[in-house]
Amino acid sequence: MATSIFCGFLILLFLSCATNPTPVNSSDQGNSYLISSRLISRATAEKQSHFRFYWHDVISGPNPTAIRVAEAPGTNTSTTGFGALIMIDDALTTGPDMKSKLVGRAQGFYASAGLDKVGLLMAMNFVFTDGKYNGSTIAILGHNEVFSAVREMPIVGGSGLFRFARGYVQARTHSLEKTGDAVVEYNIFVNHY
């Protein structure tokens with residue numbers, strides 16, 4: 001009898017700790033803006049996945065996947081293209097050749113946001129169309145200084161198998177044609193449940 005009462009007490013204590021926020025303690029003084037923190041679940045296992053895709057940005061030819069939809073009055077005279085807004089629906093493949101296996105699409109936009117350097121604001125979803133990730137997405141929003149060897153951008157969320165996703169991507173230009181068409185290698189490091 002005493003054992004069952006004790007077990008019941010422990011279960012009640014656990015449930016109250018799992019549903020009530022933990023107050024901020026003195027070790028959190030550096031983060032005075034943190035009001036409370038709590039463990040959501042000990043049962044969920046977060047994992048990190050690493051993907052590598054090749055992003056094909058095609059602006060030339062009869063079937064472009066990137067189209068300028070807006071520009072500022074001075075965009076065409078700007079050395080950085082400042083003010084241009086380009087919508088994309090770019091292929092994501094397993095290799096740098098466009099004929100490589102298609103695994104998804106990069107859908108969203110990039111905008112030229114740099115006055116002095118070519119720097120893009122990237123807002124795109126990697127929409128998976130293959131295998132167990134079909135229908136899932138990874139959302140990326142960040143700064144892309146396109147002439148840097150490696151650019152890092154944050155993952156700000158996801159859907160499907162990537163709900164509550166967080167992490168980062170690293171972009172490296174694989175090829176850039178005179179037409180402006182580009183192939184970019186994306187390494188995605190994503191934490192998800």
Side-chain angles (χ1 to χ4, degrees), residues 17-22 31 33-59 63-67 69-70 85-113 119-146 148-176 181-193:
C17 290
T19 58
N20 293 329
T22 304
N31 295 326
Y33 49 86
L34 176 64
I35 305 304
S36 66
S37 178
R38 68 185 176 112
L39 178 65
I40 294 174
S41 172
R42 294 179 193 268
T44 57
E46 186 177 25
K47 57 188 162 194
Q48 184 178 81
S49 297
H50 176 196
F51 298 96
R52 179 179 297 128
F53 302 122
Y54 290 84
W55 180 85
H56 299 267
D57 196 49
V58 180
I59 64 171
N63 298 309
T65 62
I67 298 174
V69 296
L85 177 66
I86 292 91
M87 294 301 297
I88 64 168
D89 187 1
D90 291 345
L92 296 172
T93 63
T94 57
D97 188 329
M98 183 63 129
K99 294 176 184 164
S100 300
K101 181 178 181 180
L102 179 70
V103 294
R105 309 289 303 181
Q107 297 174 333
F109 69 87
Y110 54 85
S112 183
L120 303 177
L121 163 65
M122 305 289 291
M124 62 183 166
N125 289 309
F126 282 2
V127 181
F128 292 83
T129 59
D130 183 64
K132 79 175 197 176
Y133 301 108
N134 184 21
S136 297
T137 66
I138 294 174
I140 298 160
L141 175 67
H143 174 71
N144 182 352
E145 196 170 299
V146 295
S148 294
V150 179
R151 290 88 68 192
E152 188 172 295
M153 293 167 274
I155 293 172
V156 297
S159 67
L161 293 177
F162 298 108
R163 287 185 190 118
F164 299 110
R166 60 189 173 84
Y168 66 97
V169 299
Q170 290 182 331
R172 292 174 175 83
T173 301
H174 180 270
S175 63
L176 178 61
D181 293 354
V183 177
V184 178
E185 177 187 308
Y186 271 86
N187 279 279
I188 297 102
F189 300 91
V190 59
N191 292 7
H192 57 100
Y193 295 96

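Since the structure is predicted, the reported quantities are computational estimates derived from the model, not experimental observations. Only heavy atoms go into these numbers, but all of them, side chains included; no hydrogens, no water, no symmetry mates.
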Could you give me the CA-CA distance, side-chain angles and deciding distance for Leu141 and Leu121, then say whether side-chain contact (heavy atoms from CB on, under 4.5 Å) is met? CA-CA 7 Å; Leu141 175 67; Leu121 163 65; 3.9 Å; yes
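Taken to the nearest 0.5 Å, the OG1 atom of Thr93 stands 9.5 Å off from the CZ atom of Phe53. Taken from CE in Met122 to CH2 in Trp55, the straight-line distance is 4.5 Å, to the nearest 0.5 Å. Going from atom CG of Asp90 over to atom CE of Met87 covers 11.0 Å, rounded to the nearest 0.5 Å.
Scored by the ring pair (Phe, Tyr, Trp, His ring centres under 6.0 Å) test, Phe189 finds His50, Tyr168 as partners (sequence neighbours excluded). With sequence neighbours left out, Val127 forms a side-chain contact (heavy atoms from CB on, under 4.5 Å) with Gln107, Asn125, Thr137. Among residues two or more places apart in sequence or in another chain, the side-chain contact (heavy atoms from CB on, under 4.5 Å) test is passed with Lys101 by Thr94, Val103, Asp130. For Ser175, there are no side chain to side chain donor-acceptor pair (under 3.5 Å) partners two or more places apart in sequence or in a different chain. Partners of Phe126 according to the ring pair (Phe, Tyr, Trp, His ring centres under 6.0 Å) rule, which considers only residues two or more places apart in sequence or in another chain, are Tyr186. Residues satisfying the ring pair (Phe, Tyr, Trp, His ring centres under 6.0 Å) criterion with His143, sequence neighbours excluded, are absent altogether. Scanning for side chain to side chain donor-acceptor pair (under 3.5 Å) contacts around Tyr110 gives Asp57, with sequence neighbours left out. Legend: residues meeting side chain to side chain donor-acceptor pair (under 3.5 Å) with Thr129, ordered by chain and number and at least two apart, are absent. In terms of the side-chain contact (heavy atoms from CB on, under 4.5 Å) criterion, residue partners of Ala70 (sequence neighbours excluded) are, by chain and number, Leu85. Shown here are the ring pair (Phe, Tyr, Trp, His ring centres under 6.0 Å) partners of Tyr54, two or more places apart in sequence or in another chain: His174.
Counting only residues at least two apart or in different chains, salt bridge (charged side-chain N to carboxylate O under 4.0 Å, His left out) contacts with residues 149-160 are absent. Judged as a salt bridge (charged side-chain N to carboxylate O under 4.0 Å, His left out), the pairs with a partner in residues 153-176 (not counting sequence neighbours) are, in order, Glu46-Arg166.
Defined by atom type and a distance below 3.5 Å, a donor-acceptor pair is present between the side-chain atoms of His192 and Ser49.
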